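Below: the structure, in structure tokens.
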Amino acid sequence: MPELPEVETVRDGLARHVVGARVREVEVLRDYSVRRHDGGPEAFASAMEGATLAASARRGKYLWLPLTPPSPVAAPVETTRQRAAGAAATRPTAGTALLAHLGMSGQLLVRDGRDPWVHPHLRVRLHLEDAPTGATALDFVDQRTFGHLSVADLVPTPDGAPGGLGTDEPAVPGPVAHIARDLLDPVVAPGTPGRAALVAAIRRRRTVVKRALLDQTLVSGVGNIYADEALWRARLHYARATDALRPTDVARVLDAAEEVMREALAVGGTSFDALYVNVNGESGYFARGLAAYGREGEPCPRCGTPIRREAFMNRSSHFCPRCQRRR
DNA sequence: ACTGCGTCCTGGGGGC
DNA sequence: TGCCCCCAGGACGCAG
């Protein structure tokens, strides 16, 4: 499934293959895939058609492609979280963007044939013209349909810093406003005030460390797999209480999460070009790099103790019972 | 305000 | 062989 490194690989690929292209026509094959767009599939299509994809940006696992000229979009329905964050009333628009989340099985595939293959799980197809490398379509393929596309208005970032990687604009799509910056974002780089604030925010939470790592309002882009890997590297049990952790423990697990994701990015970073028409974000990293996730019963690479799997948050947690003591 | 849980969806694969 | 059910996951809405 696409995790942050895979999404970043896709973002980079889109920057080179579809930024600058104009959307000629939109086919929505599965309405559910545009459920987050206010006004439904027809409104989504009309908001996209004729627009040029102007950039390729990412925060956490959200991707967005700013549109020029900005599309008129219906007044967005505020989510509970956005209302709680006070982002509601005064929300000056800074343009619009195609917003994408790949969910757990989503792919963005660049096609360049006149009659490109229709994948059995094709949900949305954007027909393109004038793409920089000759692409004729951008396909959203998604087996389990947890992913989605929408056109959203851009809102300014509170801190005035760029909204995410791949953009200099201090703006993010409205639905991303409550999503925290991710560990590849310069604003929370090691040694910055942003990173220190993140460590403090995690320790203020009254929860357990894995839940905090998965909380997108604290730090984004860490999913179940990388949470387990980061905790293994930091030698922390997933159920350790955040408010009982030392600052160095929290800093260590964040460093580990960043490290794992950067390694995966380095390994998987060539997949876009290598596959080109099969831009699925599958890095080769999963096959060999994982120490804990999905390795129940197999030896811990550090001490040889069998990796254990336990249910947590209706998910699985993988850990070494010797290296990662609960206390 | 903050924390935690149920829900959405699909098809591969395990169990019977 | 066939069928059924479970399971995987991110993020949101809502209950407490």
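Predicted, not measured: the structure shown is a model, and the values here were computed from it. As a basis for the values below, the full set of heavy atoms in this structure was taken, side chains included, without hydrogen atoms, waters or symmetry mates.
- Atoms NE2 (A:H148) and C1' (C:dA11) sit 8 Å apart, rounded to a whole Å.
- Between A:R205 and B:dT3 there is a side-chain polar atom (N or O) within less than 4.0 angstrom of OP1 or OP2.
- Classification of A:R262 and A:E258 as a salt-bridged pair holds, one side-chain N sitting under 4.0 Å from a carboxylate O.
- Taking A:E169 as the reference, nothing meets the side chain to side chain donor-acceptor pair (under 3.5 Å) condition, with sequence neighbours excluded.
- Using a 4.0 Å heavy-atom distance criterion, A:R35 is classed as making no nucleic acid contact.
- Taking five base pairs at each end of the helix from B:dC2-C:dG16 to B:dC16-C:dG2 and finding the rotation axis that steps the C1' atoms of four pairs onto the next four gives two axes whose angle is 60°, to the nearest 10°.
- In terms of the side chain to side chain donor-acceptor pair (under 3.5 Å) criterion, residue partners of A:E8 (sequence neighbours excluded) are, by chain and number, A:R11, A:R58.
- For residues 300-312 of chain A, the pairs satisfying salt bridge (Lys or Arg N to Asp or Glu O under 4.0 Å) are A:E296-A:R309, with sequence neighbours left out.
- Atom CZ in A:R315 sits about 13 Å away from atom P in B:dT7, given to the nearest Å.
- What separates CG of A:L214 from P of B:dG4 is a distance of 13 Å, to the nearest Å.
- For A:F319, the ring pair (Phe, Tyr, Trp, His ring centres under 6.0 Å) partners are A:H237, A:Y238, not counting sequence neighbours.
- Atoms CZ (A:F312) and C1' (B:dG4) sit 10 Å apart, rounded to a whole Å.
- Backbone-only contact: A:S316 has heavy atoms under 4.0 Å from sugar-phosphate atoms and none from a base.
- Partners of A:T145 under the side chain to side chain donor-acceptor pair (under 3.5 Å) rule, at least two apart in sequence or in another chain, do not exist in this structure.
- Among residues at least two apart or in separate chains, salt bridge (Lys or Arg N to Asp or Glu O under 4.0 Å) pairs with a member in residues 60-69 of chain A are A:E3-A:K61.
- Only one option out of A:L213, A:L4, A:L231, A:V260 pairs with A:Y226 in a side-chain contact (heavy atoms from CB on, under 4.5 Å); it is A:V260.
- Distances shorter than 4.0 Å separate some side-chain N or O of A:R309 from OP1 or OP2 on C:dA8.
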Provide a list of protein-nucleic acid N or O atom pairs under 3.5 angstrom, restricted to nucleotides 9-13 of chain B.
from: B:dC9; atom 1: O3'; to: A:T145; atom 2: OG1; distance (Å): 3.3
from: B:dT10; atom 1: OP1; to: A:R30; atom 2: NH1; distance (Å): 2.4
from: B:dG11; atom 1: O4'; to: A:Q143; atom 2: OE1; distance (Å): 3.4

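- Between the C1' atom of C:dA8 and the CD atom of A:E3 lies a distance of 12 Å, rounded to the nearest Å.
- The side chain of A:R206 contributes no N or O atom lying less than 4.0 Å from OP1 or OP2 of B:dC2.
- Atoms CD1 (A:I202) and P (B:dC2) sit 15 Å apart, rounded to a whole Å.
- Atom-to-atom, NE2 of A:H318 to P of C:dC7 comes out at 14 Å; the value is rounded to the nearest Å.
- Counting only residues at least two apart or in different chains, ring-ring contact (aromatic ring centres under 6.0 Å, His included) contacts with residues 50-70 of chain A comprise A:Y62-A:H101.
- One interatomic measurement links the two molecules: CZ of A:R211 to P of B:dC2, which rounds to 16 Å at whole-angstrom precision.
- Using a 4.0 Å heavy-atom cutoff across all strands shown, A:Y62 reaches sugar-phosphate atoms only and no base atom.
- At B:dG6, one or more side-chain N or O atoms of A:N314 fall inside 4.0 Å of OP1 or OP2 (strictly under the cut-off).
- For the pair A:R203 and A:D243, the salt-bridge criterion is not met [side-chain N within less than 4.0 Å of a carboxylate O].
- Regarding contacts with the backbone of C:dC12, a side-chain N or O of A:H178 is found under 4.0 angstrom from either OP1 or OP2.
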